[in-house]
Amino acid sequence: MSASIIELARANVRELTPYMSARRLGGNGDVWLNANEYPQAPNFTLTAQTFNRYPECQPKQVIERYADYAGIAADQVLVSRGADEGIELLIRAFCEPGQDAILFCPPTYGMYSVSAETFGVERRTVPAKEDWQLDLPAIADSLDGVKVLYVCSPNNPTGNLINQQDLRQVLELAKDRAVVAIDEAYIEFCPQASVSEWLKDYPNLVILRTLSKAFALAGLRCGFTLANNDIIQLLLKVIAPYPLSTPVADIAAQALSPQGIATMRQRVAEIRTTREWFIGELQNCDCVEQVFTSETNYVLARFSASSSVFKSLWDQGIILRDQNKQPGLSGCLRITIGTRQECERVISALATLPGINSPNATNTSSSSL
């Protein structure tokens, strides 16, 4: 790209560090445990054939089925290209570039930061406490100029739930000042912790959901924003005219049928069983210093010489996610729960690592791999 073309771009875009998704990081593995995907492809057959026509902006059957699944009204649901688009829509609808701010609490999902930076909106952070719960006094002191707060629960990459009483306090602190977006991308793994019933009590509450995780449809790119209708109407002003293609809407509606939801719940039960077995096995590995509690389809663990562990498994075709650069996560790797056989392969690889606890082993970040 020529220098003159680069100079035409917005300054914040020229300086932007993009979100490094699992696919951007690459790798040549055959055990992919770095993107929190379901390890096996679900079976769907396209039934819609009207590809010559533009799709509905908000496909009626998808909206109604998701509303029924979530236990809310259809006019409280917006469907988009993954929950990532929902994150961006909130910034576009509520934040003035160069004037307003978003707030989030690292370590957490990286797209809150990237989305705000893309639109020229200030990124304000209040680091989580040592137990990865919210620092409420610090949040209260940081709200001036904030229009959107993002809280991920269960949190990615730590896997823990945020205390519900703390979530209520954040909603009260932000009342009439800011929207609070609670990211429930992994809520199917702990459905009792959802705050969807709170919509009737908090006009400033937004909930982000996805079909990528428990529904095993990461490749579909289908997410949902749940909120009271006045917020939904604002988001409809800034969403693309046709956010869901006809095939996406077709498969999403099938996934949200009674049979599709029952299949999802069976899948969740299987993942949870494998997760508990895997956590127990990790705790017996010499190179593992700590395994953290998880309410998701992944596990975060702290390793001695984590970069050596990461590279050794990478070289064996087992691709994990390095979290060393996240605040407070030195030495941590995130491991998606794959099939039982894939998890057994991880444990076998860890058990045979040579010299991993040697004094010369390093623990520097390997995120660039």
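FYI, the numbering just counts along the sequence from 1. Only this structure's heavy atoms are used, side chains among them; waters, hydrogens and symmetry mates stay out.
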### Task
Measure up the Y150 and Y112 rings against each other and bin them: parallel (under 30°), tilted (30 to 60°), perpendicular (over 60°).
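Ring orientation, 0 to 90° scale: parallel.
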Kindly say whether [Y] contributes a backbone atom to a donor-acceptor pair with the side chain of [X] at under 3.5 angstrom?
{"X": "T352", "Y": "A349", "value": "yes"}
{"X": "Q164", "Y": "A193", "value": "yes"}
{"X": "S312", "Y": "V309", "value": "no"}
{"X": "Q133", "Y": "N163", "value": "yes"}
{"X": "W132", "Y": "K129", "value": "no"}
{"X": "R209", "Y": "D183", "value": "no"}
{"X": "S306", "Y": "R302", "value": "no"}
{"X": "N229", "Y": "I232", "value": "no"}
{"X": "N284", "Y": "G280", "value": "yes"}

How about [X] and [Y]: do any of their side-chain heavy atoms sit closer than 4.5 Å?
{"X": "V291", "Y": "V299", "result": "yes"}
{"X": "E270", "Y": "R272", "result": "no"}
{"X": "V151", "Y": "C105", "result": "no"}
{"X": "E295", "Y": "N160", "result": "no"}
{"X": "Q283", "Y": "V288", "result": "no"}
{"X": "N324", "Y": "S307", "result": "no"}

Once salt bridge (Lys or Arg N to Asp or Glu O under 4.0 Å) is applied, do any residues pair with [X], and if so which ones, sequence neighbours excluded?
{"X": "D166", "result": "none"}
{"X": "R65", "result": "none"}
{"X": "R168", "result": "none"}

Apply side-chain contact (heavy atoms from CB on, under 4.5 Å) to [X] and list each qualifying residue two or more places apart in sequence or on a separate chain.
{"X": "P247", "value": "L46, F51, S245"}
{"X": "D100", "value": "C95, E96, K147"}
{"X": "K200", "value": "E197"}
{"X": "Q40", "value": "Y38, T339"}

### Query
ring-ring contact (aromatic ring centres under 6.0 Å, His included) with Y66: which residues, sequence neighbours excluded?
Y69, F224
### Query
By ring-ring contact (aromatic ring centres under 6.0 Å, His included), which residues pair with Y242, not counting sequence neighbours?
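Here the qualifying residues are Y54.
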### Task
Please assess E184 against S194 for the test side-chain hydrogen bond (donor to acceptor under 3.5 Å, both in side chains), listing each intermediate value before the final yes or no.
CA-CA 7 Å; E184 292 189 344; S194 176; 3.0 Å; yes
### Task
Determine the sole option in T263, L220, L256, V268 for which the side-chain contact (heavy atoms from CB on, under 4.5 Å) test with F215 is passed.
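Answer to the side-chain contact (heavy atoms from CB on, under 4.5 Å) test with F215 among T263, L220, L256, V268: L256.
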Residues [X] and [Y]: side-chain donor-acceptor under 3.5 angstrom:
{"X": "S142", "Y": "R124", "value": "no"}
{"X": "T296", "Y": "N36", "value": "no"}
{"X": "S212", "Y": "R221", "value": "yes"}
{"X": "D84", "Y": "Y109", "value": "yes"}
{"X": "N228", "Y": "Q76", "value": "yes"}

Basic-acidic side-chain contact under 4.0 Å: [X], [Y]:
{"X": "E188", "Y": "K213", "answer": "no"}
{"X": "D322", "Y": "R334", "answer": "no"}
{"X": "E64", "Y": "K60", "answer": "yes"}
{"X": "R340", "Y": "E344", "answer": "yes"}

Minimum heavy-atom separation for [X] to [Y], with atom names?
{"X": "Q316", "Y": "L353", "value": "NE2-CD2, 4.4 Å"}
{"X": "A249", "Y": "P59", "value": "CB-CG, 3.7 Å"}
{"X": "V146", "Y": "A178", "value": "O-CB, 3.4 Å"}

### Message
Going by the rule side chain to side chain donor-acceptor pair (under 3.5 Å), which residues pair with T108 if we only count those two or more places apart in sequence or in a different chain?
### Response
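Scan of T108 (side chain to side chain donor-acceptor pair (under 3.5 Å), adjacent residues dropped) gives N155.
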### Message
Going by side chain to side chain donor-acceptor pair (under 3.5 Å), name the residues that satisfy it together with Q61, two or more places apart in sequence or in a different chain.
### Response
none
So how far is it from [X] [atom1] to [Y] [atom2], rounded to the nearest 0.5 Å?
{"X": "S115", "Y": "I91", "atom1": "OG", "atom2": "CD1", "value": "5.0 Å"}
{"X": "T293", "Y": "R275", "atom1": "OG1", "atom2": "CZ", "value": "9.0 Å"}
{"X": "E172", "Y": "N204", "atom1": "CD", "atom2": "CG", "value": "8.0 Å"}

#### Entry: Qualifying ring-ring contact (aromatic ring centres under 6.0 Å, His included) pairs, either residue in residues 268-287, two or more places apart
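Not a single pair qualifies under ring-ring contact (aromatic ring centres under 6.0 Å, His included).
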